[in-house]
A.B. asks: 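Once you've had a glance at the structure underneath, I'll fire off some questions.
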Amino acid sequence: MNVSKFYKKLTSAEVGSTKTHEIYIRMSNDFDYETFFSGTHVQNQSVIEVNFSVHIQSRKNISLPASERELRFVYFANSNKEKRIPGLGNLFKDYEVEEGDVVCLERYSTNGVPTYTLTFFGPDQIQVSPACFTITKDVQEYDKAKFRIPLHIGEASDNLKSLIRAIRTKPFVLLAGISGTGKSRIVRKLAQACLEPGSDEAKAHKPSNFEMVQVKPNWHDSSELLGYVSRIGDKPQFIVGDFLKFIAKAWENPTVPYFLCLDEMNLAPVEQYFAEYLSVVESRKLQDDCTTIVSDPLLEKEDEEWYHTLVASIATTETIRKQFLTEGICIPQNLIVIGTVNMDETTYSFSRKVLDRAMTIEMNEVDLRGGLHKSDDMLPHIKPVQILADAVEGFDVYDQNQESCDKVITYLDAVNKIIDKTPFKVAYRTRNEFLIYTVNALKLAGEDADINATISNALDEVTSMKILSRIEGDKRKVGFLSELKNIITSGLAEIDGIERSEDNSVSLSKLTTMEERLKSGYTSFWD
């Protein structure tokens, strides 16, 4: 498939802020209209025109419905040589377009038949430099100096950056650690940090984009979280759970990250009360626009009165009501689920199904001199584009980052040789998450960061999250720990030349602890 994309940062004149008579998109002087529009132009004396059908969509506000429009490209060949798409007043009004927004006009050509899409982005979602340019050939072969997502968070701590990388890799994270280390607190602070700095909402103790659900030991299905159909009474009715209400709120505010905190998540069997989410989260898929992530429904649409009543009660906008009635209730792209985990005699261990689908982060470090100043309790402002996922599968990031991804795969091949023929062997899901996590680390790193050191550090972290977290057993089952430790050490050093030990490596430190536990006959990642 041949792809061309034209990006443009809209000026005040184009959106009508300067009281000009016309609302338009001005193309660059080097815009090759003959190639872009496949030679379909018509020339009338000195004016060249192309009439074309285009699919319109907004990524700035995804609640606005997509539409089909007829647009016109004009080139004044003999006068001012200007190339533009005029007459966009109603379109810009319908899609709430403002100065500084970025527009992307795309042409996809399959078997010689072109189709066109016009997409609007907010200024924080995409930055373009220069103000307009065209990408041709394969959409993945862009110049990163011209097109980049502003992700670097310079003021964030290493622990916060690790958490953000994990969330961008998979919006389902387990925070494990001893009681009192601030696991649920960090989720609340993240929700506040994603709101407008200084706003009343950001200062609120419980902002609207945060929900804490305390898991109960007697939960064995999803009725408490999602809800259930009650047959008591004259007609069935759906008793809605807090999780489903929160999902509806997230759908109605698509540009704001929404955080669900499942407190003490393993007080009940997760694979039972969270079964629907664990299945549907694996259905996530990045769409062809390279921006939108969709999923199967958590709650299927039903042509029943109770379902229509449910939708009317949880959706406050007509757009979302129609979406729920036609598509069911799916996972919104801006929903982040974080479970806090304590391991003691009152809790359940995690099944491999849960661990395979989650990113696991330990929070056991305690600095008794930390957190004694008000400034210690502040997180830097986090923009949605910095924390929300933009990739799901390995192929979503591989073509753009092939050299870095190949280093990840070489490292995983070496690790897999050690854990081959065990239940802990790395398969495609884990490989994809390694690739996405590493690419996210590169995106979040500053421009001056050492690429190889960034890759190696990311591999160290994600090895602990995705491989070590699944390892448990006696000496017969996990007798490979020492060999695994050696291969991780050599594999990371091969990338960046740095010798690691338990003092400067998350995974090696954890493996040392697990080896000590194995002396008693059994070991596990979990305390």
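Side chains included, hydrogens not; waters and symmetry mates left out as well; all remaining heavy atoms used.
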A.B. asks: Let me check something: any side-chain donor-acceptor pairs from residues 221-235 under 3.5 Å, sequence neighbours excluded? List them with distances.
C.D. replies:
from	atom 1	to	atom 2	distance (Å)
D221	OD1	S223	N	3.0
D221	OD1	S223	OG	2.6
S222	OG	E276	OE1	3.3
S222	OG	E276	OE2	2.9
S230	OG	I232	N	3.4
K235	NZ	E305	OE2	3.0

A.B. asks: How long is the straight-line distance from CG of L262 back to CZ of F172, given to the nearest 0.5 Å?
C.D. replies: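 The CZ atom of F172 sits 7.5 Å away from the CG atom of L262.
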A.B. asks: Between K249 and E252, is there a side-chain N and carboxylate O pair less than 4.0 Å apart?
C.D. replies: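 Salt bridge between K249 and E252, a charged N being under 4.0 Å from a carboxylate O: no.
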A.B. asks: Find the distance between CE (M359) and CD1 (I167) and round it off to the nearest 0.5 Å.
C.D. replies: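 If we round to the nearest 0.5 Å, M359:CE and I167:CD1 are 10.0 Å apart.
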A.B. asks: Take D263 and Q214 through the test side-chain hydrogen bond (donor to acceptor under 3.5 Å, both in side chains) and record every step on the way to the result.
C.D. replies: CA-CA 5 Å; D263 197 30; Q214 296 176 335; 4.6 Å; no
A.B. asks: Can we say R352 and E271 salt-bridge, meaning some charged N sits less than 4.0 Å from an Asp/Glu carboxylate O?
C.D. replies: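 So R352 does not pair with E271 through a salt bridge.
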A.B. asks: Could you check whether K60 makes a cation-pi contact with Y95, meaning its NZ or CZ is under 6.0 Å from the centre of the six-membered ring and within 45° of the ring axis?
C.D. replies: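 No, cation not above the ring by the 6.0 Å, 45° rule.
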A.B. asks: Apply side-chain contact (heavy atoms from CB on, under 4.5 Å) to N61 and list each qualifying residue two or more places apart in sequence or on a separate chain.
C.D. replies: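 Residues passing side-chain contact (heavy atoms from CB on, under 4.5 Å) with N61: S58, S63, L64, E96, P254.
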A.B. asks: Does the separation of the ring centres of F120 and F92 fall below 6.0 angstrom?
C.D. replies: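 Between F120 and F92, the centre distance is under 6.0 Å.
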A.B. asks: Between F73 and F52, is the ring centroid distance below 6.0 Å?
C.D. replies: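 Not close enough - the centres of the two rings lie 6.0 Å or further apart.
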A.B. asks: Counting distance only, does the side-chain N/O of N266 pair as donor-acceptor with the main-chain N or O of N342 below 3.5 Å?
C.D. replies: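 Between the backbone of N342 and the side chain of N266 there is a qualifying donor-acceptor contact (under 3.5 Å).
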A.B. asks: Are E211 and K245 ion-paired here, with the side-chain N under 4.0 Å from a carboxylate O?
C.D. replies: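 Salt bridge absent between E211 and K245.
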A.B. asks: Within this structure, what is the CD-OG distance for the pair E201 and S208, rounded to the nearest 0.5 Å?
C.D. replies: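 Those atoms lie 3.5 Å apart.
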